[in-house]
2 protein chains.
Amino acid sequence: METTWAPLLRAVGLRVTRPRLSVLSVLADHPHADADTIVLSARALHPTLSPQAVYGVLKALVARGLARRIEPAGAPALFELRVGDNHHHLVCRSCGAVADVDCAVGAAPCLTPADAAGYAVDEAEVVFWGLCRQCQATPDQFVRTDQHVLRGGAIA
Amino acid sequence: METTWAPLLRAVGLRVTRPRLSVLSVLADHPHADADTIVLSARALHPTLSPQAVYGVLKALVARGLARRIEPAGAPALFELRVGDNHHHLVCRSCGAVADVDCAVGAAPCLTPADAAGYAVDEAEVVFWGLCRQCQATPDQFVRTDQHVLRGGAIA
DNA sequence: CCGTTATCTTGAACTGGTCAAATCAAGACC
DNA sequence: GGTCTTGATTTGACCAGTTCAAGATAACGG
């Protein structure tokens, strides 16, 4: 399976190394992993892998467009391999679980700001906040209180 | 001017203190200030104000819904007083400037995820990334490279 | 196989933010 | 107005996540 990644790395001008193959493999298994999870999981394939190596690999992958970095407010950065397919994220306020969502109804047009205020916009990033199925079932669980629940983007 | 804020604080059950009035005043002047800016500016009104006090005040304001915390990926948190009006943000990739945008065309419906995957969604947060007018004029300026430019939410 | 150069390792450091104990002052009550 | 109670602030240490820097290592072209 690892051989799958090598051509992709070469295609974007990156050398094929064990740390990179390990990280890519972990990302394939864990679609929204944070750096720490990646380090721990990748060590199954490459036991001596250092955290800094992972940061370096992730930075390279993100810079070349092989991975995407997402940073939900208040949580460590997450990384995913799905790039360029115009999808967004659902984030659980309680457990931090992240799920992918394809672009909202009507696709792109609804993501054009009404007034761009002179900005040259190249991307619209959408995060849906809520509770995942599991956390809805256990209502007395910890819920983040550092952010007011009804923020600007509240629906209806 | 400061007397304007006192009733608001009392209305949400917070004591009226000088640090809080100072922070509110600064937020009114700087619509998207980070904690550091707030500390520096607020010291014009309250010279002995400590950073921790500001964090405490901001936490209280956000928890009571008087302020909102926004965290553009890769930048320190910003705070604003506009709450509950369903607006979003334009962020400049180069200088970090933030501008408000009223809800996108068509309002709420377009912010309903096509498939919520069982999540109970209570908010949709939208960030438009691009270059502000000023940074478009000076193209050779520093631009963030830690994130691939064409990410999932890319327009069109 | 060798050399060049990107990449990884090791270690320290930095930023933004939080936690905890002691002091202080806002507001209720008299 | 004075006193008290409790919430708020100060002061200081501390933490997580991430980045930086120097030297060792390994990928890949020749």
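Side chains are part of it too, since the values below use all heavy atoms of this structure and drop only hydrogens, waters and symmetry mates. Lettering of chains follows the sequences in order, A, B, ..., and the numbering in each one begins at 1.
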Margin query: Whether A:Thr17 contacts C:dA6 is assessed here as follows: a side-chain N or O lying under 4.0 Å from the phosphate OP1 or OP2. Is that the case?
Written below: no
Notebook entry, point to check: When hydrophobic residues are tied together by side-chain contacts of less than 4.5 Å, even through go-betweens, does A:Leu61 share a cluster with A:Tyr55?
Noted result: no
Check: Could you give the CZ-to-P distance, from A:Arg64 to C:dT7, as a whole number of Å?
Finding: 7 Å
Next item on the list: Would you kindly give the CG-to-P distance between B:Leu49 and C:dC24, to the nearest whole Å?
Entry: 17 Å
Note to self: Rounding to an integer number of Å, can you tell me how far A:Trp5 CH2 sits from D:dA27 P?
What the structure shows: 20 Å
Checklist line | Atom pair distance, as rounded to whole Å: CG in B:Leu14 and P in D:dG7 | finding: 12 Å
Notebook entry, point to check: Checking B:Arg10 side chain against B:Val16 main chain: does a donor-acceptor pair fall under 3.5 Å?
Noted result: no
Next item on the list: Determine yes or no for a side-chain-to-main-chain donor-acceptor pair under 3.5 angstrom, with B:Glu71 supplying the side chain and A:Gly74 the backbone.
Entry: yes
Checklist line | Validation row: B:Pro19, B:His46 side chains within 4.5 angstrom (heavy atoms) | finding: yes
Next item on the list: Measure across B:Gly118 and A:Gln136 and return the closest heavy-atom pair with its distance rounded to 0.1 Å.
Entry: O-NE2, 2.7 Å
Next item on the list: Please check the phosphate of C:dC19 (OP1 and OP2 only) for any side-chain N or O of B:Lys59 closer than 4.0 Å.
Entry: yes
Check: For A:His46 and D:dA26, is the shortest distance between a side-chain N/O and OP1 or OP2 below 4.0 Å?
Finding: no
Margin query: Looking at A:Arg10, I'd like to know whether one of its side-chain N or O atoms comes within less than 4.0 Å of OP1 or OP2 on D:dC28.
Written below: yes
Notebook entry, point to check: Between B:Arg43 and B:Leu49, is there a donor-acceptor pair closer than 3.5 Å when you use the side chain of the first and the backbone of the second?
Noted result: yes
Check: Any side-chain N or O of A:Arg20 under 4.0 Å from OP1/OP2 of C:dT7?
Finding: yes
Check: Which whole-number value in Å describes the distance from B:Leu58 CG to C:dT18 P?
Finding: 10 Å
Item checked: Donor-acceptor pair, side chain of A:Arg18 and main chain of A:Leu45, under 3.5 angstrom -> yes
Note to self: Restricting to non-hydrogen atoms, name the atom on B:Cys135 and the atom on B:Leu131 that form the minimum distance, rounded to 0.1 Å.
What the structure shows: CB-CD2, 4.3 Å
Next item on the list: Please round to 10 degrees the angle between the axis of the first five pairs and the axis of the last five pairs in the helix from C:dC1-D:dG30 to C:dC30-D:dG1.
Entry: 40°
Notebook entry, point to check: Relative to the 5' end of DNA chain C, which residue comes earlier, B:Leu78 or B:Val16, by the nucleotide with the nearest heavy atom?
Noted result: B:Leu78
Notebook entry, point to check: D:dT19 P sits how many Å from A:Glu71 CD, rounded?
Noted result: 9 Å
Notebook entry, point to check: Any N or O donor-acceptor pair linking the side chain of B:Arg15 to the base of D:dT6 at under 3.5 Å?
Noted result: yes
Check: So, the side chain of B:Arg69 versus the backbone of B:Ala77: is there a donor-acceptor pair under 3.5 Å, distance only?
Finding: no
Next item on the list: Please state how far atom CG in A:Leu24 lies from atom P in C:dT7, giving the value in whole angstrom units.
Entry: 13 Å
Checklist line | Summary of protein contacts for nucleotides 11-17 of chain D, nucleotide by nucleotide, where a base hit scores B, a sugar-phosphate-only hit scores S (4.0 Å, heavy atoms) | finding: BBB---S
